[in-house]
Amino acid sequence: MPLQEDNSCVTAPADFNPAADAVVPSKVMTVVGARPNFMKAAPIIAAIRKHNERLARAAATGNGNGHSSRIGLESILVHTGQHYDAAMSDRFFADLNIPKPDVHLGAGSGSHAAQTAEIMKRFEEVLLRERPALLIVVGDVNSTVACAMVAAKITYSSGEPRPLIAHVESGLRSFDRDMPEEVNRILTDHLADLLFVTEESGLRNLRREGIPDARVHFVGNTMIDSLLAFRHKAEQSPILDLLSLRDNVSAHSKNNGVARYALLTLHRPSNVDRRQDLLNILEGLEELAATYPIIFPAHPRTQKKIAEFGLEHYFVSASGTQAQAPTADGRIRLVDPLGYLDFLSLMQHATVVVTDSGGIQEETTSLGVPCVTVRENTERPVTVEVGTNILAGTSPEGIRRAARRQLAAKSDHRIPEAWDGRSAQRILDVICRELATRVPQPLPLA
Ligand code: UD1
């Protein structure tokens, strides 16, 4: 089997059968590790399954049409174990119908270096064993860059080329290298062979960094695929009742029988790892908390910091099934991290969302819910340009001003281009085309 010209990609499997109608098997490995990966990868895994089902139907009816549609994808799902709590991981697999991972690395927490190195060491063994034709990494977490780096440098004793590396959610830039995610994004993009971009700024950023256009594909946002696929199911979540957020008085009002409330998430190290930074944010939220109940599903890192800094008096616990009347006593209702469907339900009914998450800026844009982002920058500028997001900064006054503005805002927003629920299928089309160019073409009939 001759090597590809660029010596970078895939050989045909040993049992490849070049008969015109043969399905060409190709191993595709997807890596997930941390909470924000799961909703981005789920639609891709589902699209692979549907692709194989279509292929099987076509084979049964003798209706194969074209080379790329004959690539049968053997899907292998790897979980690095960067997030390991039931609430941060297992719950998402159940909510998003993601199959059980084929491989679990169990890497766990640690400093950035320790965590990244542990994932790399464990992932290398998997790659040496499985030899996928293509590796899919998503987002910007430590698992993303760790696995991309291993794949970029793997060498097989057989001389087989390394896997193609596909990065989903390429090109986003905050231009703030103090954010660990920014470092992860830049490195992963420069290691990837196929770069799947969610918004136009990503195309500009990649071009500016000299990445060839031929590698870059504008496909939209797979996280929005998940949101659109699951938003109706999320309506069945019991979370509004559990948190006493049903409002019988306004049952027939515009708000559909749901009380007005704000939803808060905070976990970024720059916001929660130093006492004064966290205090500034809490001070900025006091005015909002006096107007509406604030529901705060807090990340484990943030919960630890609140206890460590002795800031518990800002919060009232509303965990588990313990219902809390949403009275405006100025204290924030703290709950444990929620599953995907519960959080989506809370997000779609919120009066305003306050967050430092990247993904939530996009999800609120898709839902048309006002969002206040407690950060100085965003790597997702489309959410501010056409969506419902505003950047508040992290000062108390900035947060107060942004919250007032959003509470007075009229819903006037657009859905960013290609955030239409079909992004995973676009990705799969590109992947199949690419894999098809890297296996031998069937010989033309004499
Ligand atoms: C990671 C991602 C961040 C993403 C966030 C979403 C990186 C660099 N950061 O940050 O981009 O927005 O996930 O959640 O990859 N912990 C638990 N249980 C868990 C996981 C973590 O208790 O299941 C605690 C541990 O104390 C750990 C800390 O949270 O040390 C931080 O976890 P880590 O994965 O290192 O980073 P995140 O802050 O979660």
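As a basis for the values below, the full set of heavy atoms in this structure was taken, side chains included, without hydrogen atoms, waters or symmetry mates. Indexing begins at 1, ligand by ligand and atom by atom, following the structure's order. Note that the structure is predicted; figures quoted are calculated from it, not measured.
In summary, E181 and R185 do not engage in a salt bridge, as defined by a charged side-chain N under 4.0 Å from a carboxylate O. Under 4.0 Å is where a charged nitrogen must lie from a carboxylate oxygen, and between K153 and E124 no such pair does. Between D429 and R422 there is no salt bridge, since no side-chain nitrogen of the basic residue lies less than 4.0 Å from a carboxylate oxygen of the acidic one. A salt bridge links D273 with R301; the closest basic N to acidic carboxylate O contact falls under 4.0 Å.
In terms of protein heavy-atom proximity, atom 8 (C) of ligand 1 is closest to N142 OD1, 3.3 Å. Ranking protein heavy atoms by distance to atom 9 (N) of ligand 1, first place goes to E181 OE2, 3.5 Å. Scanning all protein heavy atoms for the shortest distance to atom 10 (O) of ligand 1 gives H83 NE2, 4.3 Å. Looking only at heavy atoms of the protein, atom 17 (C) of ligand 1 is closest to Y84 OH, 3.4 Å. Atom 28 (C) of ligand 1 has R301 CB, 4.1 Å as its closest protein atom, hydrogens excluded (heavy atom only). When hydrogens are left out, the protein atom nearest atom 2 (C) of ligand 1 is V141 CG1, 3.7 Å; that is the closest non-hydrogen contact. Scanning the protein heavy atoms around atom 22 (O) of ligand 1, the nearest turns out to be P300 CB, 3.2 Å. H299 CE1, 3.7 Å is the protein heavy atom nearest to atom 29 (O) of ligand 1.
Considering every non-hydrogen atom in both K233 and D95, the closest pair reads NZ-O, 4.3 Å.
When each atom of ligand 1 is checked for a heavy atom of H267 under 4.0 Å away, the hits are 4 (C), 5 (C), 6 (C), 12 (O). Set against the non-hydrogen atoms of K304, the atoms of ligand 1 under 4.0 Å away are 22 (O), 24 (C), 25 (C), 26 (O). Under a 4.0 Å criterion applied to the non-hydrogen atoms of H112, ligand 1 contributes the atoms 8 (C). Set against the non-hydrogen atoms of P36, the atoms of ligand 1 under 4.0 Å away are 4 (C), 6 (C). Contact atoms of ligand 1 toward Q115: 34 (O), 35 (O) (distance under 4.0 Å to a heavy atom of the residue). Counting the atoms of ligand 1 from 1 in the order shown, those under 4.0 Å from a heavy atom of M88 are 14 (O), 19 (C), 23 (O). Below 4.0 Å from some heavy atom of R35 lie the following atoms of ligand 1, by number and element: 14 (O).
A donor and an acceptor atom, one from each side chain of E199 and S201, are located under 3.5 Å apart. A donor-acceptor pair shorter than 3.5 Å cannot be found between the side chains of T144 and N184. Side chains of T355 and Q361: no donor on one and acceptor on the other come within 3.5 Å.
Aromatic rings of H79 and Y84 (six-membered ring for Trp) have centroids beyond the 6.0 Å cut-off, not under it.
Below 3.5 Å of separation, one finds no N or O of N184 facing any N or O of ligand 1.
In R405, the CZ atom is not crowded: 12 or fewer heavy atoms of neighbouring residues, nucleotides or ligands sit closer than 6.0 Å.
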